[in-house]
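When a residue number appears, it is its place in the shown sequence, counting from 1.
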Amino acid sequence: MKAWSAPVVPQFRFETPSAPGRLRVHDTARSRLVETGPEQGTARLYVCGITPYDATHLGHANTYVTFDLLNRVWRDLGLEVHYAQNVTDIDDPLLERAQATGQDWTELAEDQTELFRSDMEALRVLPPQDYVGAVESIPEVVALLERMKPTGTIYQVDDPAHPDWYFTTSEAPGFGQVGGLSEQEMIARFSEMGGDPERPGKRHPLDCLVWRLEREGEPAWDSSLGRGRPGWHIECTAIALDHLGAAFDVQGGGSDLAFPHHEMCAAEATVATGKPFAEVYMHSGMVALDGEKMSKSKGNLELVSRLRRKGHDPMAIRLALLAHHYRSDWEWSGDDMTRAETRLAHWREAVQQGAALDATQVIADARAALRTDLDAPSALGLIDAWAQASVTVGGDDTAAPGLVRDFVDAVLGVAL
Ligand code: 5CA
Ligand code: ZN
């Protein structure tokens, strides 16, 4: 499907040799910072996309701005980035919502995906080259399952009424390494996140659904496995392998996806290809509202589109998100918006006048912060200090404001 329009990014080629030459980020699987991306050439990034209903809340926005920052920091290091993202445009929660509101499920998915596109565009998020829906990927999902069949790792559940297809997760090499949870914890979390550990007829409680056979009143597609639809995890496994190939650089999403989603994808891909799925599993923190994780199912949401309609500058929304480190969990409040608006106005004022301080040091330091686990809050603090000197002291360096403005635009994604 089509993605959204790309913002114009300034060609920013300003050398600061003192900044580290590689990006390090936190890998959930190894629980430590690791270098990510090739030394040169193309980095490959897969980020789990939305299930299109009640988009785009600030939790979603925080996740996509996080991986946009990763994309931009890689580009600032001179790399190309091949970015793929899915849209879960067929799954139980989407069908349940459509049924509850009486809307056609395809229409709901299209409307919400369109709203998401316009929010991403407003936030100046670079679009993926491959923006891929689950429905349009059904042939790739079936082909992947056909490839897995001879390994004996997929089977039909012992349920004569609905002999759905499952994947034997627990037999996959390395299963459990992404989330690092005990089996008991995995079972509990699997259940919370839409899994079915208790379903009779499965070989193991953690086996996950890969192909659900048709039920009356539900959409279904013909396939060699029987008429039905894909399970959630196999959708991302198939899309990522098809567009990026195995052992791509980063698999990304919010921390709620580490287990079971990314664990299951990794297990499926390892069995299918004999190679690791991704080199690094990177997760952004959860944004809460009213004391709980912002979520569509609970309805405690603040939407990007609502803030935009109220007249808030999307660049201030982006700054409000960047002010929190991507791995921290935090709660949204109106103060986040106010602080970001003040900061944006301050930066805009600063780039309109001669600078007191040289740009070289601030850009080198901000790059060093961003290349060390995407430390955006520190980068923002450095720009604040530079802007403060321009506004309060002023100066006659007329080259620096343009350099800082282009850096902030190209790397932080904030147009001043
Ligand atoms: N379609 C699947 C992924 S394949 C899905 O999880 N969709 S979603 O719409 O529920 O979430 C989209 C992305 O937003 C995921 O990466 C998820 O981890 C992230 N996300 C959801 N809620 C929050 C939140 N409250 N804070 C931060 N990120 C969130
Ligand atoms: Zn996914």
Side-chain angles (χ1 to χ4, degrees), residues 3-16 19-26 35-47 49 60-85 119-131 248-253 280 282-284 314-327 340 344 347 359 362-383 402-416:
W4 53 93
S5 308
V8 176
V9 180
Q11 286 294 318
F12 189 72
R13 293 272 173 267
F14 182 70
E15 298 297 323
T16 50
R22 297 290 297 280
L23 166 62
R24 288 186 308 139
V25 296
H26 185 265
E35 282 186 349
T36 186
E39 280 182 52
Q40 50 190 7
T42 304
R44 292 173 296 156
L45 169 66
Y46 184 86
V47 178
H60 299 140
N62 190 56
T63 291
Y64 299 107
V65 165
T66 292
F67 291 99
D68 187 52
L69 188 62
L70 167 67
N71 189 345
R72 287 168 180 270
V73 170
W74 267 336
R75 286 165 190 269
D76 187 47
L77 282 162
L79 300 175
E80 305 278 325
V81 181
H82 185 173
Y83 180 12
Q85 186 180 131
D119 288 334
M120 291 299 103
E121 222 167 281
L123 292 170
R124 296 178 80 82
V125 171
L126 303 177
Q129 288 88 333
D130 301 316
Y131 193 47
F248 56 87
D249 293 287
V250 169
Q251 157 76 312
V280 170
M282 227 182 117
H283 295 106
S284 52
M315 292 298 91
I317 302 174
R318 188 170 170 118
L319 273 179
L321 301 174
L322 290 173
H324 299 269
H325 189 268
Y326 82 92
R327 281 202 282 138
L344 183 64
W347 289 10
V362 68
I363 293 172
D365 292 349
R367 275 178 167 156
L370 293 170
R371 291 172 190 179
T372 310
D373 203 21
L374 302 181
D375 186 355
S378 294
L380 265 49
L382 289 159
I383 308 287
L403 278 174
V404 172
R405 191 188 55 228
D406 284 354
F407 172 77
V408 167
D409 189 341
V411 186
L412 295 173
V414 177
L416 295 178

Can you confirm whether V47 sits close enough to V250 that some side-chain heavy atom of one is under 4.5 Å from a side-chain heavy atom of the other? no
I need the minimum non-hydrogen distance between A376 and L322, along with the two atoms involved. CB-O, 3.4 Å
Looking at side-chain heavy atoms only, is the closest gap between D406 and F14 below 4.5 Å? no
Just so I know, are the side chains of L416 and D409 near enough to count as touching, which here means a heavy-atom distance under 4.5 Å? no
Report yes or no: does Q85 contribute a side-chain atom to a donor-acceptor pair with the main-chain N or O of G49 at less than 3.5 Å? no
For E80, does the CD atom sit with more than 12 other heavy atoms under 6.0 Å from it, leaving out its own atoms? no
Check for a donor-acceptor pair, side chain of R72 on one end and backbone N or O of F67 on the other, with a separation under 3.5 Å. no
Taking side chain as C-beta onward, heavy atoms only, is H26 less than 4.5 Å from M282? no
Identify the two heavy atoms, one from G37 and one from W74, that lie closest to each other, and give their separation to 0.1 Å. CA-NE1, 3.7 Å
Reported CG-to-CG distance for the pair L45 and L79, which is rounded to 0.5 angstrom: 12.0 Å
Charged N-O contact under 4.0 Å between D373 and R24: no
Separation between OG1 (T36) and CZ (R371), nearest 0.5 Å, reads 14.0 Å
Compute whether any side-chain donor of one residue and acceptor of the other, for H82 and D130, lie under 3.5 angstrom apart. yes
Under a 4.5 Å cut-off applied to non-hydrogen side-chain atoms, are R318 and V125 in contact? yes
Any salt bridge between R124 and D68, counting N to O under 4.0 Å? no
Taking all non-hydrogen atoms of both residues, which atom of L374 and which atom of T66 are closest, and how far apart? CD1-O, 4.0 Å
Any sub-3.5 Å donor-acceptor pair from Q129's side-chain atoms to V81's backbone N or O? yes
Supply the atom-to-atom distance D119 CG to I317 CD1, rounded to the nearest 0.5 angstrom. 8.0 Å
Would you indicate whether the side-chain heavy atoms of V280 and Q251 approach each other to under 4.5 Å? no
Run V404 and V362 through side chain to side chain contact (heavy atoms under 4.5 Å, CB included) and show every step you take. CA-CA 8 Å; V404 172; V362 68; 4.1 Å; yes
So S378 and T372, do their side chains get closer than 4.5 Å, heavy atoms only? no
dist W4:CH2 -> L123:CG (nearest 0.5 Å) comes out at 10.0 Å
List the steps and the verdict of side chain to side chain contact (heavy atoms under 4.5 Å, CB included) for S284 and Y64. CA-CA 9 Å; S284 52; Y64 299 107; over 6 Å; no
Any idea which heavy atoms bring P314 and A122 closest together, and the distance? CB-O, 3.2 Å
Could you pull out the closest heavy-atom pair between L370 and L69, with the gap in Å? CD2-CD2, 4.1 Å
Roughly how far, to the nearest 0.5 Å, is OH of Y326 from CG of L321? 15.5 Å
Which atom pair, heavy atoms only, marks the closest approach of A3 to P128? CB-O, 3.8 Å
Look up atom OH in Y46 and atom OH in Y83, then write down how far apart they are to the nearest 0.5 Å. 10.0 Å
Could you go through the side chain to side chain contact (heavy atoms under 4.5 Å, CB included) check for L70 and L23 one step at a time? CA-CA 9 Å; L70 167 67; L23 166 62; 3.3 Å; yes
Under-4.0 Å salt bridge between E35 and R22: yes
